[in-house]
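Worksheet for the structure shown next.
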Amino acid sequence: MNTENEKVKVLIIGSGPAGYTAAIYLSRANLTPVLYEGLQPGGQLTITTDIENFPGYPQGVSGFEMMTHLKTQAERFGTVIRAGIATKTDLSTYPFKITIDNNKIIETEALIIATGATAKYLGLPDETKYMGSGVSACATCDGFFYRGKDVAVVGGGDTACEEAIYLAGLCNKVYMIVRRDQLRASKVMQNRVQKTNNIEILWEHQVKGLFGDGGVEGAILWKKKDTPQQEEVNIKIDGFFLAIGHQPNSAIFAEYIETDPIGYIKTIPGSSKTNIEGVFACGDVQDPTYRQAVTAAGSGCMAAIDTERWLNEK
Ligand code: NDP
């Protein structure tokens, strides 16, 4: 155990668009933030295909390339970027104490939480196998690549309905794979799905696996799994979208920071301020609604400005 604590002015946890944008603003304000990249350096965008909806890239850009640009830009102005995961926090004392990799303790005057959210997956080996070549957890990001094709959305909540409706506007046919005989989604979303001609709901279906040569060409499903009527069904699809929920990465702050029942950090509306003064949140960890790269970047800018003002006032 390294007993020597390091003292910093601003610590940013997370390296998606929110964390890096906060870092760019703070380093340009000469606050020299220290940023820890976390479990998935570059965040969720590094596992999508091309990004075509981030303003400023008329030809699109790969998620990996965009995150490399953001990192380089933050470094250019003096952000100290380090590999490492925040494993423990103590926000009951000031300066706040954050443990990195169960080892080093950072004492910080201000903290920006930009730890993102993680899309839930079913846990099938085929999801990993076809990641980025037919498997996606974001219809808004990747739907465009499946124009005119057949796709499937797994899930029966509001997100699944929203994604299915969005995809129905682009694709030839959208299957919704729903494990029960009813949707969890709100009535209004259910009605919209039912009114959309090219969405077919596969009730009481679960996913066994995916198949395809080099990319997804179909899914193998169980109908009425674990009942006497169980049967195996194949559907031909080019895209397989997960919409079974997201988990905001807020667990290590839960003791101190207010969240909604799912775990999204609550911020004071119109700001990035949390219930603890000096602790700010931005990006998907506090956004159950939009969850886009550009909104995450925008909220990272807000967190940087809120932090700078708070430090100045203090
Ligand atoms: P939800 O938790 O509401 O729904 C998840 C869905 O995925 C459920 O249908 C669930 O099935 C299904 N599911 C979960 N795990 C599995 C699994 N292992 N296999 C198969 N199916 C599975 O998540 P959402 O992301 O849809 O929504 C989260 C919150 O955000 C909700 O409060 C929602 O209302 C809100 N939201 C609101 C929107 C809006 O108002 N426009 C848009 C998007 C989200 P089951 O029902 O059987 O549990």
Check: Thr159 side chain, Gly245 main-chain N or O, donor-acceptor pair, under 3.5 Å: no

Crowding at CG, Asn312 (>12 non-hydrogen neighbours, <6.0 Å): yes

Ring pair (Phe, Tyr, Trp, His ring centres under 6.0 Å): pairs with one or both residues in residues 76-112, sequence neighbours excluded: Tyr94-Phe96

Side chain Asp101, main chain Gly84, donor-acceptor under 3.5 Å: no

In one Ile/Leu/Val/Met/Phe/Trp/Tyr side-chain cluster, 4.5 Å: Ile252, Phe280: yes

Inter-residue atom distance Glu204.CD - Gln229.CD, 0.5 Å rounding: 9.0 Å

NZ/Lys120: more than 12 non-hydrogen atoms of other groups inside 6.0 Å: yes

Single-linkage hydrophobic cluster, 4.5 Å side-chain cutoff, Phe253 and Tyr256 together: yes

Side chain to side chain contact (heavy atoms under 4.5 Å, CB included) assessment of Cys171 paired with Asn198: CA-CA 8 Å; Cys171 302; Asn198 59 340; 5.6 Å; no

Atom pair NZ/CG of Lys273 and Asp306 - distance to nearest 0.5 Å: 5.5 Å

Co-membership, hydrophobic cluster, residues Val178 and Ile199, 4.5 Å side-chain: yes

Minimal non-hydrogen separation, Asp158 against Met189, with atom names: OD1-CG, 3.2 Å

Residues, nucleotides or ligands: over 12 heavy atoms within 6.0 Å of Tyr290 OH: no

Asp260 side-chain N/O to Ile262 backbone N/O, donor-acceptor pair under 3.5 Å: yes

Min side-chain heavy-atom separation Val153-Val174 under 4.5 Å: yes

Close side-chain approach of Gln286 and Ser250, heavy atoms under 4.5 Å: no

Any side-chain heavy-atom pair of Phe241 and Ile177 under 4.5 Å: no

Donor-acceptor contact present, side-chain Tyr130 to main-chain Phe240, <3.5 Å: no

Flag side-chain contact, heavy atom, 4.5 Å: Ile98 against Tyr36: no

Leu167 side chain near Tyr146 side chain, heavy-atom distance below 4.5 Å: no

Asn5 CG to Thr99 OG1 distance, which is reported to the nearest 0.5 Å: 8.5 Å

NZ/NE/NH1/NH2 to OD/OE distance under 4.0 Å, Glu162 and Arg291: no

Asp238 CG to Arg147 CZ distance, which is reported to the nearest 0.5 Å: 13.0 Å

Backbone N/O of Ile276 and side chain of Thr274: donor-acceptor pair under 3.5 Å: yes

Whether over 12 other heavy atoms sit under 6.0 Å from Tyr264 OH: yes

Gly300 backbone acceptor or donor facing Thr21 side chain under 3.5 Å: no

Taking every non-hydrogen atom, the tightest pair across Ile235 and Ala152: CD1-CB, 4.2 Å

Closest approach of Glu37 to Tyr20 (non-hydrogen atoms, all atoms of both residues): OE2-OH, 3.6 Å

Trp222 vs His205 side-chain heavy atoms within contact, under 4.5 Å: no

Which atom of Tyr57 lies closest to which atom of His69, heavy atoms considered: OH-ND1, 3.2 Å

Atom of Ile100, atom of Ala86 and distance for their closest heavy-atom approach: CD1-CA, 4.1 Å

Thr196 (side chain) donor-acceptor with Ile165 (main chain) under 3.5 angstrom: no

Thr307 side chain near Leu31 side chain, heavy-atom distance below 4.5 Å: no

Verdict with supporting geometry, Asn275 and Lys266, side chain to side chain contact (heavy atoms under 4.5 Å, CB included): CA-CA 8 Å; Asn275 58 304; Lys266 286 187 185 170; over 6 Å; no

Short side-chain to backbone donor-acceptor contact, Glu308 and Ala304, under 3.5 Å: no

Neighbour count >12 (heavy atoms, 6.0 Å) for atom CG, Leu39: no

Pair Lys314 + Glu277: basic N to acidic O under 4.0 Å: no

Interatomic spacing from CZ in Arg82 to CG in Leu11 - rounded to 0.5 Å: 8.5 Å

Nearest-0.5 Å distance that lies between atom CD1 in Ile113 and atom CD1 in Ile265: 4.0 Å

Glu255 CD: over 12 foreign heavy atoms closer than 6.0 Å: no

Residue pair Ile12 / Leu26, side-chain heavy-atom distance below 4.5 Å: yes

Arg180, CZ atom: more than 12 neighbouring heavy atoms under 6.0 Å: yes

Worked check of side chain to side chain contact (heavy atoms under 4.5 Å, CB included) between Leu183 and Ile201: CA-CA 10 Å; Leu183 297 173; Ile201 302 183; 4.2 Å; yes

Residues, nucleotides or ligands: over 12 heavy atoms within 6.0 Å of Arg76 CZ: no

Side-chain (Asp142) to main-chain (Ser136) donor-acceptor, under 3.5 angstrom: no

Val294-Met66 co-clustered via ILVMFWY side chain contacts under 4.5 Å: yes

Asn249 versus Val285, closest heavy-atom pair with distance: O-CG2, 3.7 Å

Same cluster (ILVMFWY, side-chain, under 4.5 Å), Phe211 and Val233: no

Distance-only donor-acceptor check, side chains Thr87 and Asn102, under 3.5 Å: yes

Donor-acceptor contact present, side-chain Glu232 to main-chain Ile220, <3.5 Å: no

